[in-house]
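Heads up: the structure comes next, in structure tokens.
Quick note: numbers below take in every heavy atom, side chains included, and nothing from hydrogens, waters or symmetry partners.
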Amino acid sequence: MENIILCLNAGSSSLKFALYAISKSNEKKIIEGAIEGIGQPSARLWIRDPQKHLVEDRQAKFANAHETIGALFEALEKPDLPRPAAVGHRIVHGGVRYTAPQKITAELQSDLHALVPLAPLHLPSQIELIEAVRNWRPNLPQVACFDTAFHCRMSEVARRFPLPRSFWDQGVRRYGFHGLSYEYVLSVLEKQANEPVIKGRTIIAHLGNGASMVAIRDGIPMDTSMGLTPTGGFMMGTRSGDLDPGLVLYLLRSGDDAQTLEKLLDHQSGLLGVSGLSADMKTLLEKRSSNPHADQAVTMFCRSVRKFLGAFAVVLGGLDTLVFTGGIGERAAPVREEICRDLEFLGVTLDAAQNENHTTIISTPESKCTVRVIPTNEDLMIARHTSKVAFGQNQKL
């Protein structure tokens with residue numbers, strides 16, 4: 001028996017979606033798509049099949065989540081498409097309480113509202129989406145899949161901030177993010193290594209507009225770069241990453257309020273802030289030779305990733321496997337090369353040709369550390385979790 005799962009991944013002005021058929025013996029993507037420009041004068045809804053052929057592509061205006069979900073359900077009414085039996089959501093933050101996928105109840109939804117200050121960029125739109133699905137399809141089960149859940153097995157020492165102990169009791173701690181991506185990559189890594197559980201010391205770098213890193217030993221997360229919120233860690237597309245806390249105090253004393261600082265740190269910093277040009281790595285790489293600010297932004301990004309990579313290798317006591325994933329990690333060969341440059345002391349030696357071709361293994365046969373490129377698939381993890389939670393269906397292994 002197949003369970004048809006609609007996977008939703010909401011951004012502040014966009015919605016990515018996919019329809020999967022999940023059974024005990026098979027996992028099949030039926031369609032994928034996105035609605036872009038939500039709330040803007042002209043938005044775009046597109047759908048493509050597993051062969052990447054567009055089956056729908058139209059312009060319209062979607063003012064809010066309610067109109068967006070209505071348009072999506074209408075688009076899924078095609079005669080050749082099966083009707084979803086459940087909806088799975090990527091939820092960025094689960095706080096202290098939610099450390100595994102859960103059916104969405106009124107209580108869970110209320111708890112998500114309380115968590116908005118921890119992920120103000122993501123949670124509001126994700127909550128609106130849950131409410132919109134309930135309005136359009138009140139009997140359709142919904143499941144929340146939390147990005148923070150993957151990291152809950154980290155030790156308390158790794159999760160604590162050096163603050164008075166009362167802050168821990170208030171839920172102030174390192175949560176980590178991109179958990180669905182890491183979970184998927186680890187499942188692929190287990191298959192590629194032909195082992196039920198990965199043995200050894202692994203670092204996964206999820207590099208995209210939002211970027212983070214996790215250190216894993218024998219399949220268990222030991223440390224991660226993002227902290228209380230997705231703003232922390234190393235430099236990203238528009239986010240600053242870690243800063244001297246005194247800098248934030250300086251800006252507050254200079255007259256900036258919390259809203260101004262949030263805009264600065266989450267929307268105006270990172271690659272965009274340093275380059276003054278773009279948050280898009282592809283654009284910056286194209287402009288690098290002619291624009292010194294673009295060059296500096298790329299250099300700073302690679303340097304900040306390298307610093308965390310070195311620190312996490314120390315946490316793990318060495319490095320056996322390094323994995324690149326995410327939009328930049330999967331497609332930007334020059335970035336991977338620069339990050340891995342001069343890391344022979346960690347056993348990393350790249351094969352230049354393999355790196356340029358984005359092959360699965362981009363290290364040389366002699367490299368003591370195996371360097372891999374694994375495309376992530378958060379939607380499939382959402383489908384697996386939703387099928388299991390809503391119907392008791394174990395995912396295919």
Side-chain angles (χ1 to χ4, degrees), residues 9-17 32-46 48 52 54 57 59 90 92 121-122 125 147 177-178 181 204-213 225-226 230-243 262-306 308 324-341 355-358 362 373-379:
N9 190 339
S12 58
S13 63
S14 65
L15 170 64
K16 297 178 182 178
F17 58 87
E32 65 180 355
I35 301 176
E36 302 163 341
I38 299 169
Q40 298 175 13
S42 179
R44 178 191 177 205
L45 186 157
W46 59 267
R48 62 189 182 192
K52 308 296 184 183
L54 278 172
D57 191 356
Q59 302 288 325
R90 172 183 172 246
V92 166
L121 283 178
H122 303 85
S125 59
D147 245 354
F177 300 89
H178 292 129
S181 175
I204 305 174
H206 178 109
L207 306 181
N209 188 52
S212 69
M213 184 180 290
S225 58
M226 285 180 169
T231 305
F234 46 79
M235 177 180 175
M236 300 174 231
T238 62
R239 295 175 228 167
S240 64
D242 290 347
L243 295 171
E262 181 182 322
K263 184 177 181 181
L264 169 68
L265 301 180
D266 285 333
H267 300 284
Q268 300 175 334
S269 298
L271 292 171
L272 175 62
V274 174
S275 71
L277 176 67
S278 176
D280 178 61
M281 180 59 79
K282 182 180 179 182
T283 299
L284 296 178
L285 289 171
E286 289 171 351
K287 300 289 186 181
R288 192 176 191 183
S289 61
S290 60
N291 187 317
H293 295 164
D295 177 61
Q296 188 175 61
V298 175
T299 300
M300 286 179 63
F301 177 84
C302 295
R303 183 176 185 272
S304 63
V305 175
R306 282 165 57 88
F308 270 89
F324 289 99
T325 192
I328 296 172
E330 295 166 22
R331 295 188 286 272
V335 172
R336 293 194 300 258
E337 188 278 329
E338 190 163 336
I339 290 170
C340 293
R341 190 180 300 159
N355 184 45
E356 283 295 326
N357 291 327
H358 312 290
I362 60 173
V373 178
I374 299 178
T376 193
N377 192 339
E378 294 168 321
D379 288 338

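For residues 32-44, every residue pair satisfying the salt bridge (charged side-chain N to carboxylate O under 4.0 Å, His left out) rule, not counting sequence neighbours, is listed here: Lys29-Glu32, Glu32-Arg48, Glu32-Lys52, Glu36-Arg44, Arg44-Asp57.
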| request: Check the pair Leu121 / His267 against side chain to side chain contact (heavy atoms under 4.5 Å, CB included), numbers first and verdict last. | output: CA-CA 10 Å; Leu121 283 178; His267 300 284; 3.1 Å; yes
| Given Asp242 and Thr231, is the side chain to side chain contact (heavy atoms under 4.5 Å, CB included) satisfied, shown in steps? | CA-CA 8 Å; Asp242 290 347; Thr231 305; over 6 Å; no
| request: Quick one: do Arg336 and Val373 satisfy side chain to side chain contact (heavy atoms under 4.5 Å, CB included)? Show the steps, please. | output: CA-CA 10 Å; Arg336 293 194 300 258; Val373 178; 3.8 Å; yes
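Lys287 NZ to Ser278 OG: the interatomic distance, rounded to the nearest 0.5 Å, is 10.0 Å. Note that the CG atom of Leu54 and the CH2 atom of Trp46 stand 7.5 Å from one another [nearest 0.5 Å]. Taking CG of Asn355 as the start and CD1 of Ile362 as the end, the distance is 4.5 Å to the nearest 0.5 Å. In this structure, CE in Met213 is found 7.5 Å from CZ in Phe324, a value given to the nearest 0.5 Å.
Between Asp280 and Leu271, every side-chain heavy-atom pair lies at or beyond the 4.5 Å cut-off. Using a 4.5 Å heavy-atom cutoff, the side chains of Met235 and Ser240 are not in contact.
Residues that satisfy the side chain to side chain donor-acceptor pair (under 3.5 Å) test with Thr325, not counting sequence neighbours, are Glu330. Not counting sequence neighbours, the partners of Ile374 by the side-chain contact (heavy atoms from CB on, under 4.5 Å) test are Val185, Val188, Leu189, Gln192, Val323, Arg372. Scored by the salt bridge (charged side-chain N to carboxylate O under 4.0 Å, His left out) test, Glu356 finds no partners at all (sequence neighbours excluded). For the side chain to side chain donor-acceptor pair (under 3.5 Å) test, no residue two or more places apart in sequence or in another chain qualifies with Asn291. With sequence neighbours excluded, the residues satisfying side-chain contact (heavy atoms from CB on, under 4.5 Å) with Ala10 are Leu15, Ser125, Gln126, Leu129. Residues that satisfy the ring pair (Phe, Tyr, Trp, His ring centres under 6.0 Å) test with Phe177, not counting sequence neighbours, are His93. A search for side chain to side chain donor-acceptor pair (under 3.5 Å) contacts involving Asp147 returns Arg90, not counting sequence neighbours. Residues passing the side-chain contact (heavy atoms from CB on, under 4.5 Å) test with Met236, sequence neighbours excluded: Ala211, Met226, Arg239. Applying the side-chain contact (heavy atoms from CB on, under 4.5 Å) criterion to Ala279, with sequence neighbours excluded, gives Asn209, Thr238, Leu272. Listed by chain and residue number, Ser181 satisfy the side chain to side chain donor-acceptor pair (under 3.5 Å) test with Thr376 (two or more places apart in sequence, or in another chain).
A distance-only check finds no donor-acceptor pair linking the side chain of Ser225 to the backbone of Ser212 [under 3.5 Å]. Between the side chain of Ser14 and the backbone N or O of Ile35 there is no donor-acceptor pair closer than 3.5 Å.
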If you look only at distance, which donor and acceptor atoms sit under 3.5 Å apart when one is on a side chain in residues 293-303 and the other is two or more places apart or in another chain?
unit_1, atom_1, unit_2, atom_2, d
Asp295, OD1, Arg288, NE, 2.6
Thr299, OG1, Arg288, NH2, 3.1
Thr299, OG1, Asp295, O, 2.9

